Amino acid sequence: MRIEIFVGTMTGTAELVAEEVADSLRSAEHDVDVSMMDKLDAGAFADPASVYLICTSTYGQGDVPDNAQDFFEDLKAKRPDLSEIRYGVIGLGDSTYQQTFNFGGKRFDDLLQELGAQRIGERFIHDAADGTMPEEEALTWLEGWRQALDDAIAQAA
């Protein structure tokens, strides 16, 4: 299966998490590509046979990272029909910012659902304040997400 991972990051943490997830998926025989969001536009979801993973941190007042802003805004402006798209979300945040905790991932999740995309599994929410390593926690989450993906594919068949 082809999995596209789109990364929104300010400090590089989301990119590190995405690379760890990609390595794990590749070891399970998936074809994986990791792309920074600053290189993407609304046409990035062109292949309905692929599954997409959004891996993003949160910045500022609950915003998506700077490198994801143009991509996010292009999706909002062009509003492509994503009803054939399946995706997952890896969200990174810090709960010391309670009002906007993990809003980068939440904003992408909400927008993709609004555009008709079908989320696979639960959104991964990492809290930097809990002292755990996001890449390790993401790999644990990935096990359940891969099972949810397999279940979704079996139901579609």
Side-chain angles (χ1 to χ4, degrees), residues 1-40 44-59 62-65 67-68 71-72 75 82-98 100-157:
M1 164 149 309
R2 178 137 184 89
I3 301 174
E4 301 276 348
I5 303 176
F6 297 158
V7 182
T9 190
M10 292 294 289
T11 63
T13 303
E15 185 176 12
L16 172 68
V17 171
E19 290 296 341
E20 290 287 329
V21 166
D23 288 346
S24 178
L25 289 167
R26 286 181 189 118
S27 71
E29 305 298 319
H30 293 288
D31 180 17
V32 182
D33 188 42
V34 177
S35 300
M36 300 303 288
M37 288 186 192
D38 51 351
K39 300 175 182 175
L40 304 177
F45 293 100
D47 182 9
S50 291
V51 175
Y52 298 86
L53 260 177
I54 301 294
C55 183
T56 185
S57 59
T58 303
Y59 190 70
D63 300 316
V64 298
N67 82 311
F71 178 46
F72 187 81
L75 285 167
L82 300 182
S83 59
E84 295 184 28
I85 299 301
R86 294 169 297 182
Y87 74 98
V89 176
I90 296 172
L92 309 177
D94 186 332
S95 65
T96 58
Y97 303 96
Q98 293 177 357
T100 58
F101 173 59
N102 219 291
F103 269 35
K106 181 182 182 338
R107 287 179 191 251
F108 267 106
D109 190 22
D110 290 348
L111 179 59
L112 293 176
Q113 286 187 38
E114 191 178 306
L115 297 174
Q118 304 158 39
R119 187 180 69 220
I120 302 294
E122 293 300 314
R123 182 165 43 103
F124 172 68
I125 299 172
H126 181 263
D127 182 3
D130 71 10
T132 60
M133 300 300 291
E135 61 275 18
E136 292 174 7
E137 296 293 315
L139 291 177
T140 300
W141 167 85
L142 185 62
E143 293 173 24
W145 186 78
R146 285 179 32 202
Q147 182 60 54
L149 178 60
D150 290 345
D151 292 347
I153 290 168
Q155 286 179 349

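These numbers come from a predicted model, not from an experiment.
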Any Lys/Arg nitrogen of R26 or D23 sitting under 4.0 Å from an Asp/Glu carboxylate oxygen of the other?
yes
Under-4.0 Å salt bridge between R146 and D150
no
Given D33 and I5, is the side chain to side chain contact (heavy atoms under 4.5 Å, CB included) satisfied, shown in steps?
CA-CA 6 Å; D33 188 42; I5 303 176; over 6 Å; no
When you measure from the side chain of [X] to the backbone of [Y], do you find a donor-acceptor pair of N or O atoms at a distance under 3.5 Å?
X    : Y    : result
W145 : I120 : yes
N67  : T9   : yes
S27  : S24  : yes
H126 : N102 : no

With a 4.5 Å heavy-atom cut-off, do V51 and L149 have their side chains touching?
yes
Taking the side chain as C-beta and beyond, is there a heavy-atom pair between L112 and L82 under 4.5 Å?
yes
Least distance between heavy atoms, [X] atom then [Y] atom:
X    : Y    : result
Q118 : S83  : NE2-O, 2.6 Å
I85  : P48  : CD1-CA, 3.8 Å
V17  : P134 : CG2-CB, 3.7 Å
I54  : F45  : CD1-CZ, 4.1 Å
L139 : E20  : CD2-O, 3.6 Å
G104 : V64  : O-CG1, 3.9 Å

Apply side chain to side chain contact (heavy atoms under 4.5 Å, CB included) to the pair T56 and V7, showing each step before the final yes or no.
CA-CA 6 Å; T56 185; V7 182; over 6 Å; no
Can you tell me how far [atom2] of [Y] sits from [atom1] of [X], rounded to the nearest 0.5 angstrom?
X    : Y    : atom1 : atom2 : answer
F103 : S57  : CZ    : OG    : 14.5 Å
I125 : I90  : CD1   : CD1   : 12.0 Å
K39  : M37  : NZ    : CE    : 13.0 Å
D110 : R107 : CG    : CZ    : 9.0 Å
R123 : Y87  : CZ    : OH    : 9.0 Å
L75  : L111 : CG    : CG    : 5.5 Å

Would Q147 and D151 count as having a side-chain donor-acceptor pair, cut-off 3.5 Å?
yes
Strictly by modelled atom types, are D127 and S95 linked by a side-chain donor-acceptor pair under 3.5 Å?
yes
I would like to know whether R119 and D109 meet salt bridge (charged side-chain N to carboxylate O under 4.0 Å, His left out); could you show each step before the answer?
CA-CA 8 Å; R119 187 180 69 220; D109 190 22; 2.5 Å; yes
Side chain to side chain contact (heavy atoms under 4.5 Å, CB included) for R2 and H30? Distances and angles first, verdict last.
CA-CA 6 Å; R2 178 137 184 89; H30 293 288; over 6 Å; no
Would L142 and L25 count as a side chain to side chain contact (heavy atoms under 4.5 Å, CB included) if you check the C-alpha gap in whole Å, the side-chain angles of each, and the deciding distance to 0.1 Å?
CA-CA 9 Å; L142 185 62; L25 289 167; 4.1 Å; yes
Quick one: sort the F6 and Y52 rings into parallel, tilted or perpendicular, breaks at 30° and 60°.
tilted
May I ask you to decide if the ring planes of W141 and F124 are parallel, tilted or perpendicular, using 30° and 60° as cut-offs?
tilted
Are there over 12 heavy-atom neighbours, none belonging to F101, within less than 6.0 Å of that residue's CZ?
yes
